[in-house]
Amino acid sequence: MNQAPELIQALTQSGTLGDWTDSAWDLLIRQARRANLLGTLAHRLPSHTVVPVPARHHLDSARLLATRQHAAMRWEVECIARALAPTGVKLLLLKGAAYVMTGLPAAEGRLFGDVDIIVPKARLADVESALLMNGWSGGNPSAYDQRYYREWMHEIPPMQHLRRGSVIDVHHAILPETARIRADSSAMIDAAVPVPGHPGLFTFAPMDMVLHSATHLFHEGEFDNGLRDLFDLDSLLRHFARDPRFWTDLPLRARHLGLQRPLHHALRYAAQLLGTPVPPACLAATAADGPGPLTQWLLDACFNRAFRPLHASCDDGFSALARQLLYVRSHWLRMPLPMLLVHLTRKALVREPDPGPDDQDDPMALRPPHQDAVP
């Protein structure tokens, strides 16, 4: 592999940006856009950095888009809270929505495509019904996809608001029911903490927020936003490490929830690729939960390629194979072998209908509210 991509150098400030040529800045902007990190780059660049005018236009635009999306996110969360209020189910936010509503550094400059929440499985029908009554629609997934989501997955099909076009993902667990790892999602829901200044809103507790982010990332099969999510982890770890007991308690909490392996991966690659200051004792404590040497070598070869922007400048001859192997691995982690073979065969042979405007990876998907918007 060649040196770290320009984007990682810029975001970790391991490169001297003042010495960069116009062509280097052009490549940096292209990599950041492909990684969905252009807003983060705009926020993190030191104020004294001399940026060429064309690049500055792109960064200013990304900064403005992030600001507008954060306002839209807050409005969307308010609309969801109103819709769910009659059910009595607490609104527990995940990922980007949680970062924004709690004001975490991970939200700074971050772009979004949807809102993720998690509810107890026993209340899933009540929540879905309330959302349907307030303008969200489940679209028209195929019969197979309906069964795939409702019998095997940890969430229902994404729901899109008929007027605003916003998308909500409703989870009842952090991993599919058929996953090889048996995570204690109920314990994480029970330990949720209120969002200061926002009555009725909750997020996972700090360590659980880290563990959920790690689990989501390292069970994903597609890495369009992989580097962005790794930077999320880096930001969460640096922020929560202000608690002197954080690094000691984090491996213990992971073991209690059954999430030792995702934590091992998260700490390993955050430290290696982004320079996250993980104490050696914590790395050693989680190393025992990692795979054997041969498997670890193969995972390193794959993840070191997957955690790069999907740009030609970051690829080598094995990048496509690495991403394909991680895609298969993600499904291997989600379901037993017979189910896996049937699922992958169907996905390879059956062309599903166009799902319509829903695009969870589109940073424009969550649009700012109009003045006449109603929940």
Side-chain angles (χ1 to χ4, degrees), residues 36 69 72-73 75-84 87 89 91-100 110-121 123-179 185 212-213 215-217 219-226 228-229 327 330-331 334-335 343 346-347 350-367 369 373 375:
N36 205 5
Q69 283 200 350
M73 175 69 77
W75 169 254
E76 197 65 28
V77 168
E78 181 180 340
C79 293
I80 296 169
R82 291 177 188 172
L84 298 188
T87 70
V89 177
L91 180 51
L92 203 169
L93 304 171
L94 301 176
K95 296 165 50 182
Y99 307 157
V100 168
R110 196 180 191 276
L111 301 178
F112 305 91
D114 54 18
V115 179
D116 292 85
I117 68 172
I118 187 169
V119 302
K121 187 176 182 181
R123 303 301 308 278
L124 197 57
D126 296 332
V127 169
E128 185 175 9
S129 177
L131 292 173
L132 288 169
M133 291 291 292
N134 282 273
W136 279 270
S137 169
N140 189 31
S142 67
Y144 175 82
D145 281 348
Q146 282 281 9
R147 184 184 179 197
Y148 176 74
Y149 273 102
R150 297 185 182 278
E151 293 187 18
W152 302 322
M153 290 298 289
H154 54 308
E155 58 184 323
I156 61 175
M159 303 183 72
Q160 186 171 34
H161 198 274
L162 296 174
R163 182 172 183 178
R164 296 191 299 274
S166 56
V167 177
I168 181 172
D169 281 339
V170 182
H171 301 72
H172 58 82
I174 67 168
L175 284 173
E177 307 247 332
T178 56
S185 300
H212 173 247
S213 180
T215 303
H216 171 77
L217 176 56
H219 282 75
E220 271 296 293
E222 298 177 358
F223 284 82
D224 299 41
N225 290 319
R228 183 202 67 181
D229 292 347
Y327 177 80
S330 72
H331 284 78
R334 290 181 188 178
M335 57 189 72
H343 180 71
R346 178 182 177 83
K347 288 297 181 183
V350 179
R351 183 177 179 83
E352 301 291 350
D354 184 356
D358 174 22
D359 182 356
Q360 300 177 58
D361 293 327
D362 179 4
M364 294 297 292
L366 187 64
R367 298 174 176 84

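Only this structure's heavy atoms are used, side chains among them; waters, hydrogens and symmetry mates stay out. Keep in mind it's a predicted model, so treat the numbers as computed, not measured. We number each residue from 1, following the sequence as shown.
- In this structure, Arg334 and Gly221 approach most closely via the heavy-atom pair NH2-N, 4.1 Å.
- Rounding to the nearest 0.5 Å gives a distance of 11.5 Å between CD1 of Ile118 and NZ of Lys95.
- For Trp136 against Arg164, the heavy-atom pair with the smallest separation is CZ2-NH2, 3.4 Å.
- Side-chain contact between Asp224 and Asn36 is absent, with no heavy-atom pair separated by less than 4.5 Å.
- In plain terms, the two heavy atoms of Gly226 and Leu217 that are nearest each other are O-CD1, 3.9 Å.
- Within the 4.5 Å cutoff, the side chain of His216 has no heavy atoms near those of the Ile174 side chain.
- The distance from the CG atom of Asp114 to the CE atom of Met159 is 13.5 Å, given to the nearest 0.5 Å.
- The ring-ring contact (aromatic ring centres under 6.0 Å, His included) check on His219 picks up nothing, with sequence neighbours excluded.
- Pairing each heavy atom of Arg123 with each of Thr87, the nearest pair is NH2-O, 2.7 Å.
- Between the Ser166 side chain and the His161 main chain, no donor and acceptor come within less than 3.5 Å of each other.
- Across all their heavy atoms, Ala97 and Met73 have their closest contact at CB-SD, 3.7 Å.
- Taken to the nearest 0.5 Å, the CD1 atom of Ile117 stands 5.5 Å off from the CG atom of Leu84.
- Among all heavy-atom pairs drawn from Gly138 and Leu132, the shortest one is N-CD2, 4.3 Å.
- To the nearest 0.5 angstrom, Asn225 atom CG is 9.0 Å from Glu220 atom CD.
- Using a 4.5 Å heavy-atom cutoff, the side chains of Pro120 and Val89 are in contact.
- Using a 4.5 Å heavy-atom cutoff, the side chains of Val119 and Leu92 are not in contact.
- Not a single side chain to side chain contact (heavy atoms under 4.5 Å, CB included) links Ser330 to another residue, sequence neighbours left out.
- Taking the ring-ring contact (aromatic ring centres under 6.0 Å, His included) definition, one finds that His172 meets it with nothing, sequence neighbours left out.
- Under the rule for a side chain to side chain donor-acceptor pair (under 3.5 Å), His154 has no partner lying at least two apart in sequence or in another chain.
- In this structure the side chain of Asp116 reaches within 4.5 angstrom of the side chain of His171, judged on heavy atoms.
- Checked against side chain to side chain donor-acceptor pair (under 3.5 Å), Glu128 has the following partners two or more places apart in sequence or in another chain: Arg150.
- A side-chain contact (heavy atoms from CB on, under 4.5 Å) with Ile168 holds for exactly one of Val77, Val127, Ile80; it is Ile80.
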Give the intermediate values and the outcome of side chain to side chain contact (heavy atoms under 4.5 Å, CB included) for residues Arg228 and Phe223.
CA-CA 9 Å; Arg228 183 202 67 181; Phe223 284 82; over 6 Å; no
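- In this structure, the side chains of Ser137 and Gln160 stay at 4.5 Å or more apart for every pair of heavy atoms.
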